[in-house]
Structures are given as C-alpha cells and as structure tokens.
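These numbers come from a predicted model, not from an experiment. In what follows, chains carry the letters A, B, and so on, assigned in the order in which the sequence lines appear, proteins first and then strands, with residues in each chain numbered from 1.
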Protein chains: 2
Amino acid sequence: MSSSKTVRLTDKQFALIAKALAEPRRYQILKEIGKCKEQMACSALKEGSDISAATLSHHIKELETAGLITSTKDGKYMKLTVEREVLHAYLEQLSKI
Amino acid sequence: MSSSKTVRLTDKQFALIAKALAEPRRYQILKEIGKCKEQMACSALKEGSDISAATLSHHIKELETAGLITSTKDGKYMKLTVEREVLHAYLEQLSKI
DNA sequence: TCGATATTTCGATAATCATCTAACTATCGA
DNA sequence: TCGATAGTTAGATGATTATCGAAATATCGA
C-alpha cells in the first residue's frame, strides 16, 4: 500500500504540475497511465492514437519533470507510474482556495 | 451557506479550468479573490502588483470563462467571487486518476 | 457638467509550446 | 551480428498566449 507521507510542493513544482495538467493530451496520457494496474510502457500509450513518438516522449518528460509520474527503464521499455502523492499534494493545495 | 450540488464538468470546461490554473499569475489572482471574505474588486487586486490593468482584465476574463469565478457589476467596481463548486468539481475529477 | 477612477477592448509584440521529421542510442530476438 | 523495435534528441515551424500602451466606456463625486 502507498505511504501517506504528505508531499510538500514548492511554488515551482506546483506551477509545473498545473502546466502539465493544462494540456489535454497530457491529461489523457496521465489518466491512461493511472488506469493501468501494472506499470505501463510508452509504446502501449501510442496504440490507437495518432501522435508521433517524439511528441509522446515530450509529453512524458513534462509529466515526469512535474513529478506526476516516474519512469524506470526495463530492458527495451520504459515503465511509467503515476505518483499519486504528488497529484494529491497538488489537489490538497488547490482545495485550500 | 453554499449548496452542495455536484457540478458536472464537460471536457471542454475541464480543459479551460486546467489552462486557467496553469498560469501562475492567474492562480495568485484566484487565491487573492478567495481570501477575501467579501467580494473583491479588480482594482484591489492591482494594489502592490506590477501588472497592467489590461493584463489583469484579461486574466480575470480567463478565470471567468473557465467558470472559476463570477463577476457582478457594482457601480464603478466589478465584484469577484470564487466559484468553489466548480473548483471542487475539477479537483474531484482529478482525484479519480 | 467635469475630472477622476474602474474596467474593457484593440492591436501589436515577444515568448512559449505542441508538433513534426530525421537522426540517434539502446536493446532484444533470430 | 543484423534487423527490428523502443525511446530520445535536435531543429524547425506554426499556433497560442501573456503582455503592454492607447483608446474607449461607464460611473462616481464635486
């Protein structure tokens, strides 16, 4: 089970997260990664979507830079995981408005 | 007191909200409006911030288009209010990831 | 009515960013 | 080792957008 340690976001990271979520395609990608029980490979994301590998790679990097996902190399593939603690820290901060 | 009716967001509105929140200045503005117990005038937002009236007006319109705030004209001033139900609907949707 | 204040609109500019193709690196299976 | 597959990087392009100054509109107080 996931730890419940509260993640503290800097202003910079908060802004990065907000920007990462603002692009509809990135939001879709994040949802897709989150839906997967197992970690997900980039190539699986590309299935059935008319996006170039380069663009997909770019979006994944943005999500990663924001801290919303992490990626680990597994042989030929990159495995992607949603960092829910970071997402929830973002939501937490927004809910204080 | 505020109603607890659940707001349903279309994909379009969801995207507008995400985009509105992605600009740090707009997030600051939203927080500022939210901090005020009473409704807030645009001019009060401008205090102590080196932003032009035109830019401020633009950001306020974006927040309004997204549904995150509403504005009512009160004499010389525009009074701004945070639409927390919309914000919370956004958070609700994001938390499902 | 006049001048000051509040806000919006317009048009322009500069910066950011999503997207692509092409070229590259790395790994796997035969 | 070779060819195919996965993913990244670089560089270019077009679209979006944050920003401003200036002009316009509306309202207030004197």
Side-chain angles (χ1 to χ4, degrees), chain A residues 11-33 36 38-83, chain B residues 11-33 36 38-83:
Chain A
D11 285 359
K12 188 169 173 59
Q13 189 174 5
F14 183 87
L16 283 174
I17 293 170
K19 214 149 29 144
L21 293 171
E23 166 59 38
R25 210 154 208 174
R26 263 185 319 248
Y27 170 61
Q28 287 301 328
I29 290 170
L30 186 66
K31 266 204 301 191
E32 205 63 33
I33 298 172
C36 242
E38 310 296 313
Q39 294 175 316
M40 185 170 216
C42 296
S43 49
L45 283 170
K46 199 160 171 308
E47 305 290 318
S49 132
D50 56 351
I51 193 177
S52 77
T55 300
L56 183 56
S57 181
H58 164 70
H59 284 319
I60 285 172
K61 195 197 304 199
E62 296 284 305
L63 289 170
E64 208 176 353
T65 302
L68 285 169
I69 65 173
T70 46
S71 67
T72 59
K73 193 175 175 95
D74 180 20
K76 217 166 34 158
Y77 302 91
M78 296 294 300
K79 295 302 191 58
L80 308 173
T81 323
V82 171
E83 288 298 310
Chain B
D11 285 359
K12 188 169 174 58
Q13 189 174 6
F14 183 86
L16 283 174
I17 293 171
K19 216 152 26 142
L21 293 171
E23 167 58 39
R25 211 153 207 176
R26 267 190 309 252
Y27 170 60
Q28 287 300 327
I29 291 170
L30 187 66
K31 265 204 301 191
E32 206 62 34
I33 298 172
C36 241
E38 308 297 313
Q39 294 175 319
M40 185 170 217
C42 297
S43 50
L45 282 170
K46 200 160 170 304
E47 304 290 318
S49 132
D50 56 349
I51 193 177
S52 76
T55 301
L56 184 55
S57 180
H58 163 71
H59 285 318
I60 285 172
K61 195 196 306 198
E62 295 283 305
L63 289 170
E64 208 176 353
T65 303
L68 285 169
I69 66 174
T70 46
S71 68
T72 60
K73 193 175 174 95
D74 179 19
K76 212 164 41 154
Y77 302 92
M78 296 295 299
K79 295 301 193 60
L80 308 172
T81 322
V82 172
E83 288 298 310

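Protein atom CG of A:Leu80 is 8 Å distant from nucleotide atom P of D:dG7, rounded to whole Å. Distance A:Ile60 CD1 to D:dT9 P: 12 Å, rounded to the nearest Å. For B:Ile29 and C:dT7, the CD1 to P distance is 13 Å, given to the nearest whole Å. Rounded to whole angstrom, the span from the CD atom of B:Gln28 across to the P atom of D:dA18 amounts to 15 Å. D:dT9 atom C1' lies 16 Å from atom NE2 of A:His59, rounded to whole Å. What separates CG of B:Leu45 from C1' of C:dT7 is a distance of 12 Å, to the nearest Å. For B:Met78 and C:dT7, the CE to P distance is 8 Å, given to the nearest whole Å. The CZ-C1' distance, from A:Arg26 to C:dT16, rounds to 12 Å in whole Å.
Side-chain contact between A:Thr81 and A:Thr72: absent, with no pair of heavy atoms (C-beta onward) separated by less than 4.5 Å. Counting only heavy atoms from C-beta outward, the side chains of B:Leu45 and B:Ile60 approach each other to under 4.5 Å. Residues A:Leu21 and B:Leu21 are not in side-chain contact: their nearest non-hydrogen atoms beyond the backbone lie 4.5 Å or more apart.
When the C1' atoms of four end pairs are superposed on the next four at each end of the helix from C:dT1-D:dA30 to C:dA30-D:dT1, using five pairs per end, the two resulting axes differ in direction by 30°, to 10°.
Of the inter-residue distances, the one linking A:Gln13 atom CD with A:Thr65 atom OG1 reads 10.5 Å to the nearest 0.5 angstrom. The line from CG of A:Asp11 to CG of A:Leu16 is 11.0 Å long, rounded to the nearest 0.5 Å. Rounded to the nearest 0.5 Å, atoms CG (B:Leu63) and CD1 (B:Ile29) are 6.5 Å apart.
Against DNA chain D, the stretch residues 63-71 of chain B makes no heavy-atom approach under 4.0 Å. Sorted by residue number, the members of residues 15-24 of chain A with any non-hydrogen atom under 4.0 Å from DNA chain C read A:Lys19, A:Glu23.
Between the side chain of A:Ser57 and the backbone N or O of A:Ala53 there is no donor-acceptor pair closer than 3.5 Å.
Considering every non-hydrogen atom in both A:Val82 and A:Ile33, the closest pair reads CG2-CG2, 3.8 Å. The two residues A:Ile51 and A:His59 make their nearest non-hydrogen contact at CD1-CD2, 4.1 Å. Among all heavy-atom pairs drawn from B:Thr70 and B:Glu83, the shortest one is OG1-OE2, 3.0 Å. A pairwise comparison of heavy atoms in A:Pro24 and A:Ala22 identifies CD-O, 3.4 Å as the closest pair.
Residue contacts shown for A:His58 include a base, since a base heavy atom lies under 4.0 Å away.
A side chain to side chain contact (heavy atoms under 4.5 Å, CB included) with B:Glu62 is found for one member of B:Glu23, B:Arg26, B:Lys19 and no other, namely B:Arg26.
In this view, B:Phe14 and A:Tyr27, B:Tyr90 satisfy the ring-ring contact (aromatic ring centres under 6.0 Å, His included) rule, not counting sequence neighbours.
For A:Ser57, the side-chain atoms get nearest to D:dT8 when compared with the rest of D:dT8, C:dT8, D:dA18.
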Under 3.5 Å between N/O atoms: give me all the protein pairs with nucleotides 20-22 of chain D, atom names plus distance.
| unit_1 | atom_1 | unit_2 | atom_2 | d |
| --- | --- | --- | --- | --- |
| D:dC20 | OP2 | B:Ser52 | N | 3.2 |
| D:dC20 | OP2 | B:Ser52 | OG | 3.1 |
| D:dC20 | OP2 | B:Thr55 | OG1 | 2.6 |

task: Between protein and nucleotides 25-30 of chain C, map the contacts as a letter string: B base, S sugar-phosphate only, - none, heavy atoms under 4.0 Å, written 5' to 3'.
output: --BS--
